[in-house]
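The block underneath contains the structure these notes are about, expressed in structure tokens.
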Amino acid sequence: MSLNNVLVIAADKTLESIGFIKTKKFRNYYVYINKDGNRIEFDVSSHFKGVRVFYNAYTLNDIFNISDLPSNLANFYRNPVNMGFFPYNDDKELAIIITQLLKLTIERIIPIYNALERPRPDLPSKELRKKLSENVVLFAEKFMQEYNFSYVNDVPSIKKVILDLQRLLDQKRSDCSDEPEELFLCAAAYYGELINKAHGSCWTWNEDILLISKKSNIIIIENASISPLGAIKDYWIMPELYFYSIMESYKKFLHHLLIEKYYD
């Protein structure tokens with residue numbers, strides 16, 4: 001069976017049933033678009049002998065924590081050699097992978113597609129960043145007192161606290177349509193201080209962005225940094241996407257410190 005027929009049989013009818021019509025094909029790159037202009041794109045690489053899929057330019061590991069994916073797909077992502085592609089040996093394996101991706105699309109991505117349609121979050125305003133920098137300790141203490149949070153030092157406990165913080169923001173979001181400035185400031189101050197106390201990082205400015213940062217002792221490793229205010233604001237706006245979660249920002253920080261791999 002030709003590669004084109006694998007995609008036509010496995011994908012075209014399924015995606016057409018949910019309103020996505022194949023509009024373009026560039027060699028082994030297939031583009032499906034619905035009436036609102038949303039896109040699903042399959043990139044089948046003969047060089048990597050693999051396939052990857054994009055949803056309005058987001059990849060699966062942007063949308064999900066890798067541990068939430070089916071185990072075989074998650075394992076592909078954990079191997080950097082795959083470069084984000086799901087490898088296959090023949091057309092039969094390709095058909096199986098595409099069928100699995102389509103099932104994931106129907107069951108778990110289409111229900112949150114409205115999030116993929118939103119503009120990506122803007123940076124917090126300069127005024128908000130300035131307020132945070134001038135009152136970090138005050139805001140952090142206020143947050144801990146009001147919401148009964150405390151500082152912890154080990155990575156597993158920090159991850160549990162971050163999940164609690166995300167749940168708090170979820171609860172507040174359901175009660176509030178506007179972006180609550182004071183909550184953003186207090187939560188960001190606490191998050192930054194939590195990481196600083198546990199990992200020895202510090203607040204710093206980088207091109208007008210307020211970060212917590214820690215230099216790596218290994219020259220070839222990128223310095224670890226987080227924008228706490230950006231992480232809080234991004235999660236408030238895009239809670240459906242793992243890429244914008246507070247946990248993702250912390251996982252990336254740990255990865256740059258060589259404490260654990262990003263996909264662990």
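Below, all heavy atoms of this structure are taken into account, side chains as well, without hydrogens, waters or symmetry copies.
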Would you please name every residue forming a salt bridge (charged side-chain N to carboxylate O under 4.0 Å, His left out) with [X], sequence neighbours left out?
X: Asp68; value: none
X: Glu16; value: none
X: Asp62; value: none
X: Arg39; value: Glu41

Which heavy-atom pair separates [X] from [Y] by the least distance, and what is that distance?
X: Ile237; Y: Pro121; answer: CD1-CB, 4.0 Å
X: Ser201; Y: Asn196; answer: OG-OD1, 2.6 Å
X: Ala115; Y: Leu241; answer: CB-CD1, 3.7 Å
X: Ala188; Y: Pro228; answer: O-CB, 3.4 Å
X: Arg120; Y: Met238; answer: CA-CE, 4.3 Å
X: Leu15; Y: Phe42; answer: CD1-CE1, 4.0 Å

Any side-chain heavy-atom pair of [X] and [Y] under 4.5 Å:
X: Leu257; Y: Phe253; answer: yes
X: Lys172; Y: Pro180; answer: no
X: Ile162; Y: Ile158; answer: yes
X: Phe54; Y: Thr59; answer: yes
X: Phe184; Y: Leu229; answer: yes
X: Thr23; Y: Tyr32; answer: no
X: His199; Y: Val155; answer: yes
X: Val53; Y: Leu104; answer: no

### Query
Pairs in or reaching into residues 97-115: which pass side chain to side chain donor-acceptor pair (under 3.5 Å), with residues at least two apart or in two chains?
Tyr55-Thr105, Asn72-Gln100, Lys103-Glu107

### Message
I'd like to know whether Val31 forms a side-chain contact (heavy atoms from CB on, under 4.5 Å) with Lys22, so could you lay out the CA-CA distance, the side-chain angles of the two residues, the decisive distance to 0.1 Å, and finally the verdict.
### Response
CA-CA 6 Å; Val31 180; Lys22 187 169 68 181; over 6 Å; no

At what distance, to the nearest 0.5 angstrom, does [atom1] of [X] lie from [atom2] of [Y]?
X: Leu258; Y: His256; atom1: CG; atom2: NE2; value: 9.0 Å
X: Leu128; Y: Glu181; atom1: CG; atom2: CD; value: 5.0 Å
X: Ile109; Y: Leu116; atom1: CD1; atom2: CG; value: 7.5 Å
X: Leu102; Y: Lys13; atom1: CG; atom2: NZ; value: 13.5 Å
X: Gln166; Y: Ile232; atom1: CD; atom2: CD1; value: 8.5 Å

#### Entry: Carboxylate-amine/guanidinium proximity below 4.0 Å for Asp170 and Arg167
no

Side-chain heavy atoms under 4.5 angstrom apart, residues restricted to Ile, Leu, Val, Met, Phe, Trp, Tyr: same cluster for [X] and [Y]?
X: Leu163; Y: Ile195; result: yes
X: Ile21; Y: Tyr29; result: no
X: Leu101; Y: Tyr58; result: yes

### Task
Indicate, with yes or no, if the rings of Tyr151 and Tyr190 have centres closer together than 6.0 Å.
yes

Among all residues two or more places apart in sequence or in another chain, which pass the side chain to side chain donor-acceptor pair (under 3.5 Å) test with [X]?
X: Asn38; value: Asn56, Glu117
X: Asn89; value: Glu93
X: Asp154; value: Ser157
X: Ser249; value: Tyr191

### Task
Any pair with a residue in residues 230-246 that passes salt bridge (charged side-chain N to carboxylate O under 4.0 Å, His left out), sequence neighbours left out, goes on the list, sorted by first then second residue, please.
Arg118-Glu240

### Query
Side chains of Asp43 and Tyr30: do they bring a donor and an acceptor to under 3.5 Å?
no

### Message
Pairing donors with acceptors under 3.5 angstrom, does anything connect the side chains of Tyr250 and His255?
### Response
no

### Crowding at CG, Asn148 (>12 non-hydrogen neighbours, <6.0 Å)
no

### Message
Can you tell me how the ring of Phe76 sits relative to the ring of Phe86, calling it parallel under 30°, perpendicular over 60° and tilted otherwise?
### Response
tilted

### Residue list, side chain to side chain contact (heavy atoms under 4.5 Å, CB included) with Lys160, at least two apart or on another chain
none

### Audit row: Leu165, Phe149, side-chain contact (heavy atoms from CB on, under 4.5 Å) steps and yes/no
CA-CA 9 Å; Leu165 177 55; Phe149 277 68; 4.2 Å; yes

### Query
Checking side-chain contact (heavy atoms from CB on, under 4.5 Å) for the pair Ile246/Leu169: CA distance, chi angles, key distance, verdict?
CA-CA 11 Å; Ile246 304 168; Leu169 293 176; 3.7 Å; yes

Under 3.5 Å, which donor-acceptor pairs link side chains of residues 132-147 to any protein atom two or more places apart or in another chain?
from, atom 1, to, atom 2, distance (Å)
Ser133, OG, Lys130, O, 2.8
Glu134, OE2, Lys130, NZ, 2.5
Asn135, ND2, Lys131, O, 3.2
Lys142, NZ, Glu182, OE1, 3.3
Lys142, NZ, Glu182, OE2, 2.5

